[in-house]
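What you see below is based on every heavy atom in this structure, not just the backbone, and it leaves out hydrogens, waters and symmetry mates.
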Amino acid sequence: MTLDWSRLKHAYGSASDLPRLFDEIGDPELADEAWEELWASLYHQGSVYTASFAALPVLTDIATGRKSGGRWPALGLAGRIVVEEQQLHEPGYVQTCYPAAINELHQLTQNVVMTRPFEGDVDDFLYWLEHLLAFEGVPVWRHSLRREEHPVVCPSCALSLEIDLSYKGPGTRRRDPNARIRVVGREGPIVTGVRPAAPVDLPPLASRLHGVAVRAGQPATAEHLTHLFGSTTCQTVLQTSRCRTRSQPSRHSSPGARKRITRGLS
């Protein structure tokens, strides 16, 4: 049964132009421009659409080599789409509706993160780990692994805090919970540090990811994960607040996602 793309939507309206783009990415002379347009249509500044999910089987065919086009861009785009599944669907939607495609995408992504040495930096590797978790249907952490600011709430006094893992010296600062846009950001002073968890004390999911990073020759990623799942102190009540409890993961997606997850893998 042929899919009627005109009944689906992407960032710019009707998805009727997607068959043309899928053909053009297989043409060396048109591929670069077609990929730019495809990414912008299906994953526009972190937003996804009905056509984004319908495109997963086609992206899978490209990623596996059954259809011509860029294998790594296709795998990366599919990963970012599934990471944002909950924008439109309940968790598990893609595993239910596209089981064959998700199984293949998961296996391909496992191959990427198991490559030693991995050709990329910490942020590149974290993107691929998020894809891996998304294909496995893992909530929350599928879009919360990166080196950025993570809003948390002190479980004792309900003070809004921000765990900042974007610096070499991770730390915690107070945060304005009523601001629609982050106003404290990097301008606010770090109040307390973040104590990394010992690898042996990491919870099962974090322990698995830590092991994957170590085996892929990514020691900086492994160290980052110990901070992400570490602990910090709320100065108001002098009580430790685990980084992973009551996490309110940011849905912000870096505009450089496409560049990062395809760099060095072509």
Side-chain angles (χ1 to χ4, degrees), residues 39 43 45-46 48 63 72-87 105-152 162-172 182 186 194 196-197 199 202-230 232 242-244 247-266:
W39 270 79
Y43 183 76
Q45 299 180 350
V48 291
W72 295 118
L75 182 58
L77 177 54
R80 295 323 299 170
I81 290 170
V82 178
V83 162
E84 300 299 339
E85 173 187 35
Q86 289 177 257
Q87 285 187 24
L105 293 168
H106 179 255
Q107 184 59 57
L108 290 171
T109 303
Q110 276 193 316
N111 294 342
V112 171
V113 300
M114 293 298 181
T115 299
R116 182 183 175 90
F118 175 84
E119 296 183 8
D121 62 18
V122 175
D123 294 306
D124 297 324
F125 197 73
L126 289 172
Y127 271 116
W128 286 102
L129 287 182
E130 287 185 342
H131 298 181
L132 185 69
L133 297 184
F135 293 137
E136 294 175 357
V138 176
V140 182
W141 295 111
R142 65 169 67 185
H143 45 67
S144 303
L145 293 182
R146 280 163 284 157
R147 297 188 299 181
E148 56 188 21
E149 297 88 356
H150 296 269
V152 296
E162 184 174 75
I163 309 295
D164 190 344
L165 302 180
S166 62
Y167 286 134
K168 290 185 178 180
T172 305
R182 185 184 299 115
R186 292 185 174 85
V194 172
L202 289 170
L205 176 63
S207 179
R208 178 166 72 94
L209 297 177
H210 184 274
V212 169
V214 170
R215 289 190 292 273
Q218 288 283 308
T221 302
E223 181 182 10
H224 164 72
L225 291 170
T226 64
H227 284 94
L228 181 63
F229 289 86
T232 189
R242 300 296 293 183
C243 295
R244 61 178 178 272
S247 177
Q248 304 168 30
S250 169
R251 299 304 298 266
H252 170 72
S253 239
S254 167
R258 176 180 178 271
K259 180 179 179 181
R260 282 211 164 274
I261 64 181
T262 60
R263 185 178 64 189
L265 293 174
S266 55

Between [atom1] on residue [X] and [atom2] on residue [Y], distance to nearest 0.5 Å:
X: R147; Y: D121; atom1: CZ; atom2: CG; value: 6.5 Å
X: L108; Y: F135; atom1: CG; atom2: CZ; value: 8.5 Å
X: F229; Y: L209; atom1: CZ; atom2: CG; value: 6.5 Å
X: L105; Y: L132; atom1: CG; atom2: CG; value: 11.5 Å
X: L129; Y: H210; atom1: CG; atom2: NE2; value: 12.0 Å
X: H227; Y: D164; atom1: NE2; atom2: CG; value: 12.0 Å

### Task
Check step by step if side-chain contact (heavy atoms from CB on, under 4.5 Å) holds for L133 and R208.
CA-CA 11 Å; L133 297 184; R208 178 166 72 94; 3.7 Å; yes
Is there side-chain contact between [X] and [Y], with at least one heavy-atom pair below 4.5 Å?
X: L228; Y: W141; result: yes
X: V83; Y: Y43; result: no
X: F125; Y: V122; result: no

### Query
Do H106 and E136 meet the criterion of a side-chain donor-acceptor pair at a distance under 3.5 Å?
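Yes, a side-chain donor-acceptor pair sits under 3.5 Å.
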Check [X] against [Y] and note the closest heavy-atom contact, atom names and distance.
X: G76; Y: H131; result: O-CE1, 3.5 Å
X: A222; Y: A213; result: N-CB, 3.9 Å
X: A74; Y: A63; result: CB-N, 3.9 Å

### Query
For D123 and R146, what are the C-alpha separation, side-chain angles and deciding distance, and is it a salt bridge (Lys or Arg N to Asp or Glu O under 4.0 Å)?
CA-CA 7 Å; D123 294 306; R146 280 163 284 157; over 6 Å; no
Donor-acceptor pair, side chain of [X] and main chain of [Y], under 3.5 angstrom:
X: E149; Y: E162; answer: no
X: R142; Y: V82; answer: yes
X: H224; Y: L145; answer: yes
X: E85; Y: G137; answer: no

### Task
Evaluate the side-chain contact (heavy atoms from CB on, under 4.5 Å) criterion for residues Y127 and R80: first the C-alpha distance (whole Å), next the side-chain angles of each, then the deciding distance (0.1 Å), finally the verdict.
CA-CA 8 Å; Y127 271 116; R80 295 323 299 170; 3.2 Å; yes
### Query
Of T221, D124, V113, which meets side chain to side chain contact (heavy atoms under 4.5 Å, CB included) against F118?
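When T221, D124, V113 are each tested with F118, the side chain to side chain contact (heavy atoms under 4.5 Å, CB included) holds only for D124.
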### Task
Using the side-chain contact (heavy atoms from CB on, under 4.5 Å) rule, take L202 and L225 through it: C-alpha gap first, then chi angles, then the decisive distance, then the call.
CA-CA 9 Å; L202 289 170; L225 291 170; 5.6 Å; no
### Query
So T232 and V152, side-chain contact (heavy atoms from CB on, under 4.5 Å) or not? Walk me through it.
CA-CA 11 Å; T232 189; V152 296; 5.6 Å; no
